[in-house]
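In what follows, a structure is listed as structure tokens, so that the remarks can point back to it.
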Amino acid sequence: MAPTHAVVLGGGLAGMLAASVLVRHVDEVTVVERDKLPDGPSPRSGVPQARHAHLLMSGGARAIESLLPGTLDALFAAGAHRIGVPNDLVSLSAQGWVPRFPEMQFIVSCSRGLLDWVVRSQALRDNKISVLTGTEPVSLLGDRHAVTGVLVEDRISREQISLEATLVVDATGRGSRLPGWLTSLGLPAVHSESVDSGLAYATRIFRAPPSAASNFPIVNVQANPRDPHPGCTATLLPIEDGRWLVTLSGTRGGEPSTDESEFVDFARSVRNPVVGELIASAEPLSPVYGSRSTANRRMFYERLKSWPSGLLALGDSVATYNPVYGHGMSIAAQSAQVLDAGLAAGHGAQRIQRGIGKVVDGAWAMATNQDILYPGAVGKPLPLAGRVLQRYVERLVRTATTEAAVTRVFLDAFTLSGPMARLLSPRMMWATMRGPRREVSPEPTLRPDERERVTSPE
């Protein structure tokens, strides 16, 4: 039998996870990456959003660990933080402060550069995976019925070569050219949707006070999309090397400035000033980085009646989300699990692509149903049923601010660790209709010892 070969387009997180799956099913995998990949945990030009806050939810972390055993230990050894949820989370949701009940799920908190580097290092331990850097895809080979490879081009020499493949996986992210490639093969245009809240990001890294460099919670002040003014947020993440990564955001008319002198004031101006207070005397370690790549965008590949064999797409090539919800990386990991299961079962490309679409559904609904509420948001209005569901979820989250059983089901869904359908179970509907049975804390849930570690010398 002739050797089998798969090509992965894109060497980011989704691409490396796809490659780690494909080596279980083919003889050789080639990853095509347009950038030079860094030798350590550094940002790269092809992932401009990497400097901003990224959260790996427990559902995504477990998926990565199942695909690349040992990755979580490697992350924690390199300085990533394991944040228990909600016990190590100081978070003001749209409906109130989340109580710090005993741990129900967890979040991995570190820089995106560290996460990408560790996953890449784990994947490339398999010598059946090779990487072509400084190379970008030009077009697919084959026809509307079967993709047989990809034409790629060296970015410097402009030399083009054809890579024959039994399977091509597009993981090129937000800049994916797959929709155009499909139409050039004679397939119909792919249905797409977009919801854009107009969110802009500003991020800066600080040195954490020595006494708060470890075992410090994530601190997050969210916007309330139903307020009649721009939605502004502030998030503080403990990351590796004793640092805090602080990301501010604001929707149209409330965007944070990249002026360093305005950063702390903006952090203090959101619904609660706690993040601004925590960083007021912290030492900045970076300039302020801005970004506007925050729109939710989805390509409904699974709806095409005809789909070529030998082709799949996952990660941001299929759907991108407002980063404030922290779901993109976890959905990419769970999509790679679907890819693995589908190949193991001998399923065709179209069936696997539909399975990836199902993974995307819940996070897509969660992000877009919220973002469409912000003033000036651009996107298709929700139908009546969607607005009713939206109100229900808002009341459920409000109930979760005091009722532990509701908090657990909500966090299972939000961290992509349990089915979102459980939010609509009879038990949850009854608890939600009853509502919270006590008052929500009016103040941030930082413990006195946590505040003291920030404000007092060692």
Sequence neighbours left out, what passes ring-ring contact (aromatic ring centres under 6.0 Å, His included) with [X]? Give chain and number order.
| X | value |
| --- | --- |
| Trp97 | none |
| Phe76 | none |
| Phe410 | Phe414 |

What verdict does the side-chain contact (heavy atoms from CB on, under 4.5 Å) test give for Leu115 and Leu56, after you've listed the backbone C-alpha separation in whole Å, the side-chain angles of each residue and the deciding distance to 0.1 Å? CA-CA 9 Å; Leu115 182 64; Leu56 180 60; 4.1 Å; yes
Decide side-chain contact (heavy atoms from CB on, under 4.5 Å) for Val26 and Leu167; before the verdict, give the C-alpha distance in whole Å, the side-chain angles of both, and the deciding distance to 0.1 Å. CA-CA 9 Å; Val26 299; Leu167 182 61; 5.8 Å; no
Flag the pair [X] / [Y] as yes when at least one side-chain heavy-atom distance between them is below 4.5 Å, and no otherwise.
| X | Y | answer |
| --- | --- | --- |
| Trp364 | Ile331 | no |
| Asn296 | Ser194 | no |
| Trp181 | Val147 | no |

With the threshold set at 4.0 Å, does a side-chain nitrogen-carboxylate oxygen contact exist between Arg391 and Glu394?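 A salt bridge is present here (some side-chain N lies under 4.0 Å from a carboxylate O).
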What is the distance from atom CD of Glu103 to atom CG of Leu89, rounded to the nearest 0.5 Å?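 So the gap between those two atoms works out to 11.5 Å.
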Among side-chain atoms of Asp412 and Ser417, is any donor-acceptor pair under 3.5 angstrom?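 Their side chains do not contain a donor-acceptor pair, so the 3.5 Å distance test is not met.
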Apply the test side-chain contact (heavy atoms from CB on, under 4.5 Å) to residues Phe106 and Arg62: give CA-CA distance (whole Å), side-chain angles for both, the deciding distance (0.1 Å), then the verdict. CA-CA 10 Å; Phe106 68 93; Arg62 294 187 189 103; 3.8 Å; yes
So if I apply the side chain to side chain contact (heavy atoms under 4.5 Å, CB included) rule between Leu382 and each of Leu373, Val388, Asn369, which one comes out positive?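 Option passing the side chain to side chain contact (heavy atoms under 4.5 Å, CB included) with Leu382: Asn369.
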